[in-house]
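Everything on this sheet refers to the single structure shown next.
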Amino acid sequence: MAVAIGIPGYTRINANGARGHVVQRCHEAIESILADETLYDYALRQPDRQEYIGRAPAYAFALGEPCGRVVVRHAMRGGLLARSGSDLFFPPTRGLRELVNSLRLRRAGVPTPEVIAVVSYRAGAVLRRSDVATQEVAGSHDLAVVLREMGPSGDRDACLRAAGDLLGALTRAGAHHPDLNARNILLTWDSAHGAAAHILDIDRVRFHVPGDPMVARANLARLVRSLFKLRDKRELDVTDRDVQVIAEASGEPAQ
């Protein structure tokens, strides 16, 4: 017998064959959308949408008060199945895992966007398709963009240190991110606090002992591989010094 999962601060939603969890303040807005279409289809139709490039395009748009701007993405298979282009998952799909991981990371002090809704849709007798809506991180750029556009400077170093601080926060939470890369670290800047980094794509995060040095090494190594891969493709210029700045800020010496 299936057991309904209750998550503090969220309400369950079941509308027109769609089901999932929605943050309480946005329940009415999300429910009204799902009465006619999927979240992703709705986002695609919005005239104010902003596109974010990823495995599948994600779209940011204004959901209205009190929800603000949200980013909606359609879940696609990753790993060995990424090239298949499949969007089919066995229930409960990765959306619920992302929501739980988000709450756990935020509680541990790891900056990551608030999950607004996770919704899945019937795809035959058993399988499901799913969408995830998160709060937009205003004025953000991913680490790859920052390193491509920003030359050597104190500001570049500040962004690198922010990425390292994020790795340190993941270590303190015991959170291993097996897909950590330059495109799922978002950087923001403000005059009062300088650079800050936020982690994305957290559905595959696994938790270990807080402060585990193996987690620290694994996360740093994964990010460095991503940076050097982009460098080898001539998509950005990353130096050994850049890696050292990140590593020192994370508390883990570069290899």
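By the 4.0 Å N-to-carboxylate-O rule, Asp201 lies too far from Arg183 to be salt-bridged with it. Ion pairing between Arg45 and Glu37 holds under the 4.0 Å rule for side-chain N and carboxylate O. The existence of a salt bridge linking Arg73 and Glu98 is confirmed by a sub-4.0 Å separation between a basic side-chain nitrogen and an acidic carboxylate oxygen.
Under the 4.5 Å side-chain heavy-atom criterion for grouping Ile, Leu, Val, Met, Phe, Trp and Tyr, Leu99 is not connected to Leu200 through any hydrophobic cluster. Side-chain heavy atoms closer than 4.5 Å link hydrophobic residues (I, L, V, M, F, W, Y) into clusters, and following such links, even through other members, never connects Val215 to Leu220. Both Leu39 and Tyr10 sit in one connected hydrophobic cluster of ILVMFWY residues. Membership requires side-chain heavy atoms under 4.5 Å apart, directly or through other members. Note on Leu105: it does not cluster hydrophobically with Leu186, by side-chain heavy-atom contacts below 4.5 Å among ILVMFWY residues. No path of Ile, Leu, Val, Met, Phe, Trp and Tyr side chains, each step under 4.5 Å between heavy atoms, connects Trp189 with Val137, placing them in separate hydrophobic clusters.
In terms of heavy atoms, Ala182 sits closest to Leu223 at N-CD1, 3.9 Å. Ala163 and Leu143 get closest at one heavy-atom pair: CB-CD2, 4.4 Å. Considering every non-hydrogen atom in both Ala249 and Asp165, the closest pair reads O-OD1, 3.6 Å. Contact between His21 and Ile7 at its shortest, heavy atoms only, is CD2-CD1, 4.0 Å. The minimum heavy-atom distance linking Val132 with Gly95 is given by the pair CG2-CA, 4.1 Å. Nearest heavy atom pair, residue Arg69 against residue Gln50, reads NH2-CB, 4.0 Å.
A distance of 13.5 Å separates CG of Leu127 from CZ of Arg122, quoted to the nearest 0.5 Å. With rounding to the nearest 0.5 angstrom, the CG atom of Asn16 is 11.0 Å from the CD atom of Glu31. Put simply, CD on Gln135 and OG on Ser102 are 11.0 Å apart, with the number rounded to the nearest 0.5 Å. Atom CE of Met150 and atom CG of Asp155 lie 5.5 Å apart (nearest 0.5 Å). Distance check, rounded to the nearest 0.5 Å: NE2 of His208 to OG1 of Thr171 gives 11.0 Å.
His198 and Thr112 are not linked by any side-chain donor-acceptor pair at a separation below 3.5 angstrom, with hydrogens and angles left out of the test. Side-chain atoms of Asp131 and Tyr121 form a donor-acceptor pair, as typed in the model, at a separation below 3.5 Å.
In terms of modelled atom types and a separation under 3.5 Å, the side chain of Asn181 and the main chain of Asp179 share a donor-acceptor contact. For the pair Gln46 (side chain) and Tyr42 (backbone), a donor-acceptor distance under 3.5 Å is present. Listed for the Asn101 side chain is a donor-acceptor partner under 3.5 Å among the backbone atoms of Val205. In this structure, the side chain of Asp212 does not engage the main chain of Val209 through any donor-acceptor pair within 3.5 Å. His74 places a side-chain N or O within 3.5 Å of a backbone atom of Ser130 that can act as its donor or acceptor partner. Under a 3.5 Å cut-off, the side chain of Arg206 and the backbone N or O of His176 do not form any donor-acceptor pair. Although no hydrogens or angles enter the test, the distance criterion places no donor-acceptor pair under 3.5 Å between the side chain of Ser226 and the main chain of Arg222. Looking at Asn219, its side chain does come within 3.5 Å of a backbone N or O of Ala175 through a donor-acceptor pair. Although no hydrogens or angles enter the test, the distance criterion places a donor-acceptor pair under 3.5 Å between the side chain of Arg156 and the main chain of Leu147.
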Side chain to side chain contact (heavy atoms under 4.5 Å, CB included) between Phe61 and Val71, intermediate numbers included: CA-CA 7 Å; Phe61 65 96; Val71 179; over 6 Å; no
For the pair Ile185 and Leu166, evaluate side chain to side chain contact (heavy atoms under 4.5 Å, CB included) and give the outcome as yes or no after the intermediate values. CA-CA 9 Å; Ile185 293 178; Leu166 179 63; 4.0 Å; yes
Please test Val238 against Leu230 for side chain to side chain contact (heavy atoms under 4.5 Å, CB included), starting from the C-alpha separation and ending with a verdict. CA-CA 9 Å; Val238 178; Leu230 291 174; over 6 Å; no
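Sorted by first then second residue, the salt bridge (charged side-chain N to carboxylate O under 4.0 Å, His left out) pairs that include residues 107-116, not counting sequence neighbours, are Arg25-Glu114.
The ring pair (Phe, Tyr, Trp, His ring centres under 6.0 Å) check on Tyr59 picks up Tyr40, with sequence neighbours excluded.
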